[in-house]
Amino acid sequence: MVQQPTSGRGKPFVALILALGGFVAQTQLTHQILTVMNYDRPFFVIYVTQSVFTVSVIIHLVYLATTTKASISSLSKGLNITIARRLRPGSSSQLIRFPYLRFFLIVLTLTAGFTTPTLLWFPAMLQASYALLIWNTNAFFAYLISVTLLGRQHQHRKFAAVVLATIGVVLVIYGGSMVSGNNVLHTRLPSRSVGDLLALLASILYAGYQLFYDTFIEPPLVPLQALDAFSSESTPLIEEYKDAIYPSPYGLESSFWTSMIGLCTISLLWTVFPVLQGLGVEEFSLPTDSRTVLAILGAAFSGAMFMTGTMMLLASWGAITTSVTSLLTIVLVFLTDLMLGAAISIWSIVGSLVTAAAMLVLADSSLVSSILVPATQESDA
């Protein structure tokens with residue numbers, strides 16, 4: 001078994017760039033698709049976007065194979081061991097025997113956990129910056145859930161950050177400007193107040209999803225000594241894994257889980273289309289003009305970038321720190337809104353600043369320490 005070096009402190013920042021850039025691009029393109037382009041098919045856009053997640057691990061494997069001396073076969077074998085270890089921690093004697101039942105349950109849970117807040121967030125795109133700001137409060141809900149439900153230690157400083165964040169959200173929801181002329185409202189999309197509430201609920205559910213991935217998908221590693229002893233045995237199955245690259249290179253496992261969400265989406269969520277059409281919620285129809293098709297594909301691949309980068313950050317920095325760093329998306333989307341001619345009210349700016357201050361209170365020394373540790377260590381777990 002070939003052991004893979006695990007150093008690389010700068011790699012999470014590459015994942016951060018992917019997540020930030022992907023989220024901003026997906027936000028703006030989705031906003032254009034649902035409003036300006038008048039393609040009122042949010043579930044279809046979600047289905048295409050999450051289906052594209054499937055290519056994440058394929059692109060990652062091809063990238064590693066072309067930039068290193070590793071073969072796709074060796075990388076895949078090492079990934080098999082990594083996933084089996086995650087699902088069956090502490091047992092070196094069963095590392096290669098893949099736990100299929102637990103694997104399928106985890107994939108279904110991840111898909112449902114990500115899809116549900118996404119379904120709520122997409123209609124809130126009527127006001128991209130407001131929805132984004134509310135969405136980013138998932139850092140505070142992640143903290144609250146971790147303390148109240150997971151029993152992690154309460155910190156007064158972080159509780160103060162939660163209060164500040166709530167004030168900031170209230171300012172944005174109730175003090176923001178009306179929709180500008182650049183935002184075309186569609187009759188089947190919710191009003192702004194309903195959109196704000198949907199974004200808030202999506203934020204809470206997404207916080208729970210992040211904590212689930214952080215807590216249950218990233219258990220303590222099996223010691224390398226046990227793996228060495230295991231790989232020194234001489235059965236045909238183990239001999240097949242002699243050239244496996246383990247541990248897997250940074251981010252490959254996260255790309256794998258992202259792809260599994262995409263594959264589960266392709267396999268299962270298509271069954272919802274007849275139901276939505278029968279209930280009159282959304283009529284299934286493909287886009288007819290090339291501009292809309294390109295916009296949907298752009299949003300889909302941007303969403304895949306965001307998801308893959310976020311999953312990598314969750315594995316490196318944990319749920320709370322990852323949510324804190326996502327604050328940068330607020331600034332980026334505000335800037336893109338201004339460049340696109342959107343009107344930003346003074347209250348939305350004040351609310352953003354208050355929320356930013358809360359993010360800084362929440363970050364304190366934990367963000368600094370998490371950035372300084374190697375990429376393979378967890379700081380929020």
Side-chain angles (χ1 to χ4, degrees), residues 14-15 17-63 66 110-111 114-126 128-129 131-132 135 182-184 186 188-189 202 206 251 254-273 276-277 282-312 329 332-333 336-337 339-340 342:
V14 177
I17 293 173
L18 284 176
L20 294 178
F23 190 80
V24 171
Q26 182 188 19
T27 298
Q28 297 294 352
L29 286 171
T30 301
H31 180 54
Q32 293 291 313
I33 293 166
L34 297 182
T35 58
V36 176
M37 296 181 183
N38 202 31
Y39 186 73
D40 185 13
R41 303 291 186 274
F43 185 82
F44 177 78
V45 176
I46 292 172
Y47 180 79
V48 173
T49 299
Q50 292 190 193
S51 297
V52 172
F53 289 0
T54 309
V55 304
S56 295
V57 72
I58 299 173
I59 293 176
H60 203 155
L61 285 171
V62 172
Y63 168 78
T66 54
L110 286 174
T111 304
F114 181 77
T115 303
T116 303
T118 302
L119 286 170
L120 296 173
W121 175 68
F122 263 60
M125 285 299 99
L126 287 174
S129 296
L132 175 65
W135 172 271
N182 291 330
N183 294 322
V184 180
H186 195 280
R188 294 188 60 188
L189 290 175
Y206 185 63
S254 298
S255 297
F256 173 81
W257 289 116
T258 302
S259 290
M260 291 304 100
I261 293 175
L263 188 60
C264 188
T265 298
I266 294 175
S267 304
L268 299 179
L269 287 190
W270 66 269
T271 58
V272 180
F273 285 112
L276 294 178
Q277 184 153 337
E282 178 175 318
E283 181 181 353
F284 178 80
S285 64
L286 297 174
T288 56
D289 61 287
S290 59
R291 184 166 173 259
T292 303
V293 171
L294 291 176
I296 292 175
L297 290 177
F301 281 96
S302 298
M305 286 175 53
F306 159 71
M307 186 59 174
T308 304
T310 299
M311 297 285 269
M312 291 178 183
T329 57
L332 295 175
V333 170
T336 55
D337 275 352
M339 288 187 293
L340 293 173

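Just so it is clear, the structure is predicted and the values come from calculations on it, not from any experiment.
- Taking every heavy atom of both residues into account, Gly298 and Leu29 meet most closely at C-CD1, 3.5 Å.
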**OP:** Take Leu286 and Phe44 through the side chain to side chain contact (heavy atoms under 4.5 Å, CB included) test and state the conclusion after the steps.
**Re:** CA-CA 9 Å; Leu286 297 174; Phe44 177 78; 3.6 Å; yes

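- Residues Thr30 and Leu34 meet the side-chain proximity criterion, which asks for heavy atoms closer than 4.5 Å.
- Using a 4.5 Å heavy-atom threshold, the side chains of Met260 and Leu110 count as separate.
- Residues Val52 and Val55 are in side-chain contact: their nearest non-hydrogen atoms beyond the backbone lie under 4.5 Å apart.
- Phe23 has its side chain out of reach of Leu18: every pair of non-hydrogen atoms, C-beta onward, lies at least 4.5 Å apart.
- You'll find the side chain of Met37 reaches within 4.5 Å of the side chain of Arg291, heavy atoms only.
- The aromatic ring centres of Phe273 and Tyr47 sit less than 6.0 Å apart.
- The six-membered or imidazole ring of Phe306 lies away from that of Phe301, with a centre-to-centre distance of 6.0 Å or more.
- Using a distance-only test at 3.5 Å, with no hydrogens or angles considered, a donor-acceptor pair links the side chain of Thr271 to the main chain of Leu268.
- Interatomic distance, Gln28 CD to Gln32 CD, rounded to the nearest 0.5 Å: 7.0 Å.
- Considering CG of Asn38 and OG1 of Thr292, their distance stands at 9.0 Å, rounded to 0.5 Å.
- Using a 3.5 Å distance cut-off with no hydrogens or angles, the side chains of Gln50 and Thr265 do pair a donor with an acceptor.
- A 6.0 Å sphere centred on CZ of Phe284 holds more than 12 heavy atoms belonging to other residues, nucleotides or ligands.
- Between Ser259 and Ile58 the shortest side-chain heavy-atom distance does not fall below 4.5 Å.
- A donor-acceptor contact under 3.5 angstrom links the side chains of Thr308 and Ser56, judged on distance only.
- The two residues Gln26 and Ser302 come nearest to each other via the heavy atoms N-CB, 3.7 Å.
- Side-chain N or O atoms of Ser255 include none that pairs as donor or acceptor with a backbone N or O of His60 at under 3.5 Å.
- Using a 4.5 Å heavy-atom cutoff, the side chains of Leu119 and Ile46 are in contact.
- Interatomic distance, Arg41 CZ to Leu276 CG, rounded to the nearest 0.5 Å: 11.0 Å.
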